[in-house]
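Keep in mind that the numbers below use all heavy atoms, side chains included, and drop hydrogens, waters and symmetry copies. Note that this is a predicted model, so its numbers are computed, not measured. Chain letters run A, B, ... following the sequence lines, proteins first and then strands; every chain starts at 1.
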There are 2 protein chains.
Amino acid sequence: MATRMGNKTRQAILEAAREAFASKSYAEVSMEDIAKIAHVKKPLIYYYFPSKEDLFKEAWDEAFRDLEDKVFGPKEEEGKYVRKVKQFLRAYIDFLRNDRKSLRLIEREKNKFYSEKSKNWQYMKKRYDVFVQQVADVIASETGNSSPEFARAITDIVGSSALLPEGQMSPKTLELIIIKGLKP
Amino acid sequence: MATRMGNKTRQAILEAAREAFASKSYAEVSMEDIAKIAHVKKPLIYYYFPSKEDLFKEAWDEAFRDLEDKVFGPKEEEGKYVRKVKQFLRAYIDFLRNDRKSLRLIEREKNKFYSEKSKNWQYMKKRYDVFVQQVADVIASETGNSSPEFARAITDIVGSSALLPEGQMSPKTLELIIIKGLKP
DNA sequence: TTTTTGATTTACCGATCGGTAAAATAATAT
DNA sequence: ATATTATTTTACCGATCGGTAAATCAAAAA
């Protein structure tokens, strides 16, 4: 009854998918690619996931789970005099440094749902929108006025940086740019 | 000797390609798609262009030609007391409003050349890098210090906005965000 | 008018795509 | 040991991909 070996295989496939979708776009990644990374034959993927789209949706979900956990989760400087926005920004940029994979996956397909109208893609759009709204809320909690447009601009800049080769956009500079936008 | 009807057909195909590559990614666009838009059969494309990659390269070139003409070309407020950076920014955002197609094409594939090492893609990378450098120069000509990273951030933000549905990111807000980054 | 040349289409190729059926394997339950 | 169930593989499918060869059509040259 309780699944046997399957759980580990399923997780391995999902992990392989996350890696693949972080390195190439959804359209460019083939199920064969994912199978190879997971050291598995292609049809086995379909034993655990109904379709490429569903597999991507789960990868998308896990990426956002990781992102939101680290960025909105408990901070080390909790309760200190450090501003909430500063904490958020630090965590966001740390995430960019340490978990580029998730941000890359998101960045590659964050515009896809403007053309794809299927249920899965609309679900992913919602997940993305909610994240941007949460960012807007953090900013609004201090500056008083935070347009969703500004929150979107921030996530776009961080996202773009994630697709650059490492070292191309220094986290320090990135932080500075965003803080300047926050100020007046 | 002087080409007959061909020129117009060639241009129609190239125009169709620009439209197609602006609406979907390189990998998602098929030669069949382009043929349909151009009201032409697929093999005719290969009469004028050696490959999909070469066709895309030409579309890429035209997009940058249009962009650079409008953004670095002669300005209406030339010679006025209006700062050069302001003029550039105005032109850039006007271009975003009026010629979304070019910016979309660029934005969709601006990271492709980090994985594709072919001659064509390296050429396109260079073309993109030159543009960013020109932006950096404009900024440096007034603020004195302009990191290429900041120029890149600006083009990333404008590019991201281009892929959003119209009206999602107001040009005014966008301008404001960039100006704030420019200030101190 | 006939011939030549440029332009366009029809018919097709091998490779790869996402996905399925069914057989083979491996682990558990009886 | 045997039957059952979960897991994995082999073999394949139709559709679509980028691209090619050759036939057809249309316009200019002779």
Side-chain angles (χ1 to χ4, degrees), chain A residues 1-21 23-60 108-109 112 115-121 124, chain B residues 1-21 23-60 108-109 112 115-121 124:
Chain A
M1 189 67 179
T3 45
R4 261 174 10 207
M5 196 57 190
N7 280 343
K8 229 177 293 186
T9 306
R10 201 192 125 99
Q11 199 54 37
I13 292 171
L14 188 49
E15 214 53 51
R18 290 185 64 175
E19 191 178 319
F21 289 130
S23 75
K24 291 192 289 187
S25 75
Y26 177 80
E28 287 167 320
V29 169
S30 72
M31 296 300 263
E32 193 63 47
D33 291 336
I34 298 170
K36 252 165 199 156
I37 297 175
H39 301 293
V40 143
K41 304 298 174 187
K42 185 177 61 159
L44 187 55
I45 301 180
Y46 290 93
Y47 181 76
Y48 293 101
F49 302 91
S51 70
K52 184 185 181 185
E53 201 180 278
D54 285 277
L55 175 54
F56 181 79
K57 179 193 161 187
E58 285 213 34
W60 182 269
R108 281 189 200 282
E109 304 303 332
K112 183 95 169 166
S115 48
E116 291 279 348
K117 300 299 180 188
S118 87
K119 213 169 208 172
N120 277 337
W121 286 105
M124 292 185 255
Chain B
M1 190 66 180
T3 44
R4 262 183 358 220
M5 196 57 192
N7 280 343
K8 228 175 297 185
T9 305
R10 202 191 125 99
Q11 199 54 38
I13 291 171
L14 189 48
E15 214 52 52
R18 290 185 65 177
E19 191 178 320
F21 288 130
S23 75
K24 291 192 290 186
S25 76
Y26 177 80
E28 286 167 320
V29 170
S30 72
M31 296 301 262
E32 192 64 47
D33 291 337
I34 298 171
K36 253 165 199 157
I37 295 176
H39 301 292
V40 143
K41 303 299 172 187
K42 184 178 61 160
L44 187 54
I45 300 180
Y46 289 93
Y47 181 77
Y48 293 101
F49 303 90
S51 69
K52 184 186 181 183
E53 200 179 279
D54 286 277
L55 175 54
F56 181 79
K57 179 194 160 187
E58 285 213 35
W60 182 268
R108 283 189 198 281
E109 304 303 331
K112 182 95 170 167
S115 49
E116 290 279 347
K117 300 299 180 190
S118 88
K119 213 170 210 172
N120 277 337
W121 285 106
M124 292 185 255

Interatomic distance where [atom1] belongs to [X] and [atom2] belongs to [N] [whole Å]:
{"X": "R10(B)", "N": "dT8(C)", "atom1": "CZ", "atom2": "P", "answer": "13 Å"}
{"X": "L44(B)", "N": "dA23(D)", "atom1": "CG", "atom2": "P", "answer": "19 Å"}
{"X": "H39(B)", "N": "dT9(C)", "atom1": "NE2", "atom2": "P", "answer": "12 Å"}
{"X": "I34(B)", "N": "dT16(D)", "atom1": "CD1", "atom2": "P", "answer": "17 Å"}
{"X": "F49(A)", "N": "dT7(D)", "atom1": "CZ", "atom2": "C1'", "answer": "15 Å"}
{"X": "N7(B)", "N": "dA7(C)", "atom1": "CG", "atom2": "P", "answer": "8 Å"}
{"X": "K41(B)", "N": "dA21(D)", "atom1": "NZ", "atom2": "C1'", "answer": "18 Å"}

Under 3.5 Å, which N/O atoms of the protein pair with N/O atoms of nucleotides 18-22 of chain C?
{"residue": "dG18(C)", "atom": "OP1", "partner": "V29(A)", "partner atom": "O", "Å": "3.3"}
{"residue": "dG18(C)", "atom": "OP1", "partner": "K52(A)", "partner atom": "NZ", "Å": "2.9"}
{"residue": "dG18(C)", "atom": "OP2", "partner": "M31(A)", "partner atom": "N", "Å": "3.0"}
{"residue": "dG18(C)", "atom": "N7", "partner": "K42(A)", "partner atom": "NZ", "Å": "3.1"}
{"residue": "dG19(C)", "atom": "OP2", "partner": "Y46(A)", "partner atom": "OH", "Å": "3.0"}
{"residue": "dG19(C)", "atom": "OP2", "partner": "K52(A)", "partner atom": "N", "Å": "2.8"}
{"residue": "dG19(C)", "atom": "N7", "partner": "K42(A)", "partner atom": "NZ", "Å": "3.3"}
{"residue": "dG19(C)", "atom": "O6", "partner": "K42(A)", "partner atom": "NZ", "Å": "2.9"}

Practice task
In plain terms, say whether K24(A) and E19(A) are close enough for a salt bridge, that is, a side-chain N and a carboxylate O under 4.0 Å apart.
Solution key: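 Not counted as a salt bridge, because no side-chain N and carboxylate O are separated by less than 4.0 Å.
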Handout entry: Ion pair check, E58(A) and R10(A), cut-off under 4.0 Å
Key =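 Here E58(A) pairs with R10(A) in a salt bridge, since their nearest N and O are under 4.0 Å apart.
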Answer yes or no: does a side-chain N or O of [X] lie under 4.0 Å from OP1 or OP2 of [N]?
{"X": "T9(A)", "N": "dT7(D)", "answer": "no"}
{"X": "Y48(A)", "N": "dT8(D)", "answer": "yes"}
{"X": "Y47(B)", "N": "dA7(C)", "answer": "yes"}

Problem - Sub-4.0 Å heavy-atom contacts from residues 12-20 of chain A onto DNA chain D, ordered by number - result: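 Contacts with DNA chain D under 4.0 Å: none.
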Exercise for the section: Report yes or no: does R108(B) contribute a side-chain atom to a donor-acceptor pair with the main-chain N or O of S23(B) at less than 3.5 Å? Expected result: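 Yes: the side chain of R108(B) pairs with the backbone of S23(B).
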Handout entry: Expected output: side-chain K52(A) to main-chain Y26(A) donor-acceptor under 3.5 Å
Key =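 Side chain of K52(A) to backbone of Y26(A), a donor-acceptor pair under 3.5 Å: yes, one is there.
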